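Everything below concerns the one structure shown next.
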Amino acid sequence: MPQQPDDSVENIRMLTESASAVVPGDGSLDRIRAARFQHPGFSRDVWMTLAEMGWLGLRLGEEKGGLALGVHEAMALSRIFGAGLVPEPFLSSLFALSLMEAAKARNWIGSALHGETIVAPAWQSVPNALDPAGGVSVKAGRLHGAKVAVAAGADVFAVTTPEGLALVPCDADGLTIKRMRMHDGTFREDLHFDAIPCEIHECEKVQDCLYEAMLLHAGFLQGTAERAFDITLEYLRLRKQFDAPIGSFQALQHRATEIKVQLELSRAAIDAAASALDGGQTERLSMAILRARSRAGGLGRLVAREAAQMHGAIGFTDEADIGLFVRKLMVEAGQFAPEYQLRAQFMSLREAAA
Amino acid sequence: MPQQPDDSVENIRMLTESASAVVPGDGSLDRIRAARFQHPGFSRDVWMTLAEMGWLGLRLGEEKGGLALGVHEAMALSRIFGAGLVPEPFLSSLFALSLMEAAKARNWIGSALHGETIVAPAWQSVPNALDPAGGVSVKAGRLHGAKVAVAAGADVFAVTTPEGLALVPCDADGLTIKRMRMHDGTFREDLHFDAIPCEIHECEKVQDCLYEAMLLHAGFLQGTAERAFDITLEYLRLRKQFDAPIGSFQALQHRATEIKVQLELSRAAIDAAASALDGGQTERLSMAILRARSRAGGLGRLVAREAAQMHGAIGFTDEADIGLFVRKLMVEAGQFAPEYQLRAQFMSLREAAA
Amino acid sequence: MTNPPFIADHPPHPDFNAMSDDAFRAVVRDFVENHYPDIPRFAQRRLRWPEVRPWYGVLAQKGWIAPTWPRELGGMGLGAGKHLVLIEEFERFGCARVHDIGTVMLGPLLMEYGTQAQRDHYLPRILRGEDIWAQGYSEPGAGSDLAALRTTAELDGDHWVISGQKTWVTLGADANMAFVLARTDKAAKKQAGISFLLVPTDATGVTVRPIENLEGHAEFCEIFFDAVRIPKANIVGEVNRGWTMAKALLGHERVFIGAPRLSANALSRLEALARGNGAWEDPVFRDRFAGLAMDLADLGDLFETYVQRLRTGASIGADVGILKIFQSELYQRISEELMQVAGSHAGIKLEEGGDSRFDAAGTYLAARPTTIFGGSTEVMRNVLARASLNLPK
Amino acid sequence: MTNPPFIADHPPHPDFNAMSDDAFRAVVRDFVENHYPDIPRFAQRRLRWPEVRPWYGVLAQKGWIAPTWPRELGGMGLGAGKHLVLIEEFERFGCARVHDIGTVMLGPLLMEYGTQAQRDHYLPRILRGEDIWAQGYSEPGAGSDLAALRTTAELDGDHWVISGQKTWVTLGADANMAFVLARTDKAAKKQAGISFLLVPTDATGVTVRPIENLEGHAEFCEIFFDAVRIPKANIVGEVNRGWTMAKALLGHERVFIGAPRLSANALSRLEALARGNGAWEDPVFRDRFAGLAMDLADLGDLFETYVQRLRTGASIGADVGILKIFQSELYQRISEELMQVAGSHAGIKLEEGGDSRFDAAGTYLAARPTTIFGGSTEVMRNVLARASLNLPK
């Protein structure tokens, strides 16, 4: 495993400090709570802040107006945003921009970096598989088909097709949008394309962009899970039953240590994959990312289950913060594909590498 | 679920009482210990006792000299033999005799019932699938191929072939026997048939016989697991660490209750399947048996793991009885087919029944 | 709140237990299919009283509101096996669950421990839907430690004066009556000195406050008692002997909490979802589904053995926890598999009135409280370890 | 027992750490393939001294018997990363594990806490194979509660007089020296009052008794001390301060107990077995295999972070338990999958000298002690809960 270079460490320190512009340093979740269930489920003002900080161009080349920082840096922000339950479609936007850069689709990139245009990737055709080419076709310059589970609130959709990338404005004729409320208070959209005229930008790096997005999302999940675990530990220390803090009960202690084990594995796997990506290693990189995302997904599910159980009845109330974390994990753990699909993909790559 | 008829209850009471002829009432394992690793791994004298009690003909029709008792009765003995770690190939013999009865192969049945001839079923061609027709073929009246994991010490093998049942004496020309020591001190044999002349007895009920054998084996496993659990509980009550009985530690208590849960599920599933079989129900009977065997297999694996862990270092010594149970479960849990094969079979039947 | 009574003018019931299971099943199915009112089926959340009232009325009028009560008291007199058939058919059709604390909990308690006057007064009112009952056991901060209650009741002349707070009262806002455990002897040890009292929720000093959950529903309430005065006669059983009665009630309830129906519903959802989105063809999914289906069927076999024991009057003891532990954990495992299979759609929040038959997240959330309420799995495992496995404290 | 010394006449080592991993790996591989003696490879059980002695000799002569000792003391001076490469190559070839208590445990302890005289005397004897050491920590009845020891040592003039019993001494019958924890102050609290003593096993009053396991091997021994007299100088560190040293030793050891190599070997076995018997083509098996393979690779990533921390001299603390907990449980899970896949052949007992590369049961049994010895998983989870998660006692 290559070491993180020193400048990356310094970048991360600075990013972490400035993140308080979006994630309050005191851990307050008031903004998060208030934004729930109000379409689009996030704040356009906060979005402008993200743009001003330059974070939307974090991974974009400097010649395109980006910061050209590494995955380790993006990961640091992703974890902080996960811990802060940030509802803005930040990772989604990074994914879309990386697709657009890879496809040399110059339109929109500038206004996207300035926060004026929000671009969301529309890459998935069934909600439980990694199929960026699926669900749509292009015939005679027109886009047909459907994509699912797209982040809401976008002005433009970056649609992956078998032929390349298509950029579709949200008000295009022939576009039908089915809006869905999610349990964490955000929204997603299923899209249907009915013969929408579009330009296709060839893009050979769709898989690369998808895998990087999965890796960053693993960091987001880990951030959410880690803070949910911290909140749960604090509850275990304070809450008393049968005249003792419930955190003193051995059965709960042993279950808590299992979360700790999974958390550390997840952190190690994510960091190793990030180092491999930043180090330009391609061999086994995809497998490392599948592992990291699978571990983080399992961690998210484990923490959601245990946080709910360990909090007991109080966790079901709207007042208790832990419920916000459980809902976020419910929504995010399933993003991209179920763990068993990731395992199947891992085995295919393992055979191919052997 | 049909109730067990009253005469079955009375039969079981009598069988249980007389079982002390083979399984000492005081729980002593001296005989079991001494017989280990001495080919054939069991006592021909005890075998004669089984014959004298009429138990080898427990499931055989009266006209053939059997007792014509139900599966519940056979199950009661099977459980007791499991708890007593009985090494004699009793279940194996019941399976072979049911095949012979179904195939109307009259030879050997009489001497088998009298204990003079031991017949073992050779039905499996790979050690991890339910394939009674596999591995062998019959060409011009001669048997070719191989079977695996056959109980040792048999005088005659009841070989299932695609065409029916073949009976092959252990000293037949062309028969090669590879003997294997098992960790519980018994032996098994892989057989290779090289053009052995044989008569083929048509048999349409191979599957039925196989499934009944699986069900009885589930009872054996449960008997072993249950006694291993009792021994472990006793150890948890007495053994002290950090100045307290280790059975007072909540983490161990919760794990112990999970064994109890699985034990009760196993018992209920086995009894329900036995009632369905005795009641002549065919619908979903196979599925019920697959469930029962799968549950008992999982139970056996769980108990082996936990008994070893909860006993700690002492469990590795030859003096501690628990090691005998762990070894027996290691050997028996894998009999027939792995649980995931049973689940696959279950799903096929479920689809067919729908 | 007053509930205008339904008329219970049904003819005397036949002895349903004498029918075959299949014949009885046909009767129930026919009734449900022809008389279920125009209210939601397969609702993911508990319906509130105004929503479920029409169905309560249909059942009351038919004389089917109290399936397990003796026929002579206005019930159906069903044995456990027939009761299971009834439940299965109701679930198959997706019937809403009516407010049943009165029929399931208070009724049987009054039959065993109540005075004749209490029976005569309260039982018919339950059958007619005049009284909707709530259960006040849990208190803030006590959680699974039910006996750690701080609500008090003191005798003042001919009245009990109750002060304190109850929480997690299911559908408490819909009830006009509540039964409450209160401490009537402060000097006694934890479990002793507790009595079982009957309180109208419109009495002076009672405040009912809904607890809004994250979905914005108020399935649960808090109830505050501020020097609430109720007649001295509103006690069930002897003074300071309420704990034993409450525990007995919970034990009996647990057999039915352990019934496979919640898990069976969830598994049907899982099959429907997987058939819809392609997972059904994936052998890896099928293996996991098979494991869950086998778990469910085994649970059914185990449940049946307990039902038989209830039927023959045999005692069950601490082992009854086994059913609830396994069923609630199975329910959760199925719901987690639903979430896996739903993938990026897993977190969708069903719109009000939406089709719950594919609702992964709703099932996931509905499954959470089952390991907490009615005895948490942790506490039940403690009890099982001591009482059934005889492990040391 | 006396061990004729091997001559350690190797030239001074180059700085292996300056080489690339790949280059070093090639050196190791070449050495192993050309110099491994004619003794078993891929042995399922620990080989006894007469069996493994030739390999010890080859390593001693090459100067490779102590990979992590400083070069100036006769070691290879390997950093953690290079050490891992060495281990990987040894495992890949199936090299037998030599008797390494002296190099792994006693050597580093003497370097840190021993006197100059002790270092000068004992370290070369280990390098030359003259002293084979055994570790006497556990006592009958104490199990994971190491500090509950009852072996005593009292000063009598210029000698310590030791009485008591040690158990689960790995390969104790092969050792001529043992280091022993003994209580030297009976009045002190549990962990205080313990000293670290060095005892020749041929001293009068020492009895070594093999513990036969169910496979008929005697990998472990009991050692009895009946008023055994040893020189006063045979103590490491200060009197009554042995506990801290022993604990430090265990902590360091645990990083390497957490190394992925045991699980990696088991997974190779699983792949070989499944490819041989058809399971490899089964998507359900492949899914489970993938899960285990991913677990193993993640463990490798985590192990690497600990190795880096050791390399940079950072402290690790209670978290080190995470590695051992996960690796030992993973090893067991892989071994259980081996048992599943082996089906009716799962219980076969390998013949002496048989090919262990498909040995399911042997792997299963070998995996059992890893969650018990060197700190049981239960005790390590207790420690982790308190020290790392700060949960209350």
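The shown structure was predicted, so the numbers you read here are calculated from the model rather than taken from an experiment. In what follows, every chain begins at residue 1, and chains take the letters A, B, ... in the order their sequences are listed.
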Exercise. First locate atom CG of A/L342, then atom CE of D/M294, and finally report the distance between them rounded to the nearest 0.5 Å.
Key: 6.0 Å
Quiz item: From D/R286 CZ over to A/R350 CZ, what is the distance, rounded to the nearest 0.5 angstrom?
Solution: 9.0 Å
Quiz item: Taking all non-hydrogen atoms of both residues, which atom of D/L391 and which atom of A/G247 are closest, and how far apart?
Solution: CB-O, 3.6 Å
Quiz item: Checking heavy atoms, do the side chain of A/R267, its backbone, both or neither come under 4.5 Å from chain D?
Solution: neither
Exercise. Specify which of A/E234, A/M287, A/E258 makes the most heavy-atom pairs with chain D at under 4.5 Å.
Key: A/E258
Quiz prompt | SB check D/D301 A/R291 (cutoff 4.0 Å) | solution = yes
Quiz item: Is it the backbone or the side chain of A/A256 that comes under 4.5 Å from a heavy atom of chain D, or both, or neither?
Solution: both
Quiz item: Which answer fits A/E264, side chain, backbone, both or neither, if we ask what part of it has an atom under 4.5 Å from a heavy atom of chain D?
Solution: both
Exercise. For residues D/L302 and A/L265, report the shortest heavy-atom separation together with the two atoms involved.
Key: CD2-CD2, 3.9 Å
Quiz item: Heavy-atom distance under 4.5 Å to chain D: side chain of A/S266, backbone, both or neither?
Solution: neither
Quiz item: How many angstroms lie between CZ in A/R255 and CZ in D/R381, if you round to the nearest 0.5 Å?
Solution: 12.0 Å
Quiz item: Counting only N and O atoms by type, is there a donor-acceptor contact under 3.5 Å from the side chain of A/R343 to the main-chain atoms of D/R288?
Solution: no
Quiz item: At a heavy-atom separation under 4.5 Å, does D/S388 approach chain A through its side chain, its backbone, both, or neither?
Solution: side chain
Self-check item: chain D contact via A/E351 - which portion, at a heavy-atom distance below 4.5 Å
Solution: side chain
Quiz item: Between A/Q253 and D/P392, is there a donor-acceptor pair closer than 3.5 Å when you use the side chain of the first and the backbone of the second?
Solution: yes
Quiz item: Atom CG of D/N390 and atom CZ of A/R237: how far apart are they, to the nearest 0.5 Å?
Solution: 5.0 Å
Quiz item: Quick one: CG on D/D287 to CD on A/E339, what's the gap to the nearest 0.5 Å?
Solution: 10.5 Å
Exercise. Identify which part of A/Q262 has an atom lying under 4.5 Å from any heavy atom of chain D, answering side chain, backbone, both or neither.
Key: side chain
Quiz item: What part of A/Y340 is in contact with chain D, defined as an atom under 4.5 angstrom from a non-hydrogen atom: side chain, backbone, both or neither?
Solution: both
Quiz item: Looking at CG of D/N382 and CD of A/Q250, how far apart are the two atoms once the value is rounded to the nearest 0.5 Å?
Solution: 4.5 Å
Quiz item: Checking A/F249 against chain D: side chain, backbone, both or neither under 4.5 Å from a heavy atom?
Solution: neither
Quiz item: What's the shortest heavy-atom distance between A/A268 and D/T305, and which atoms?
Solution: CB-CG2, 4.2 Å
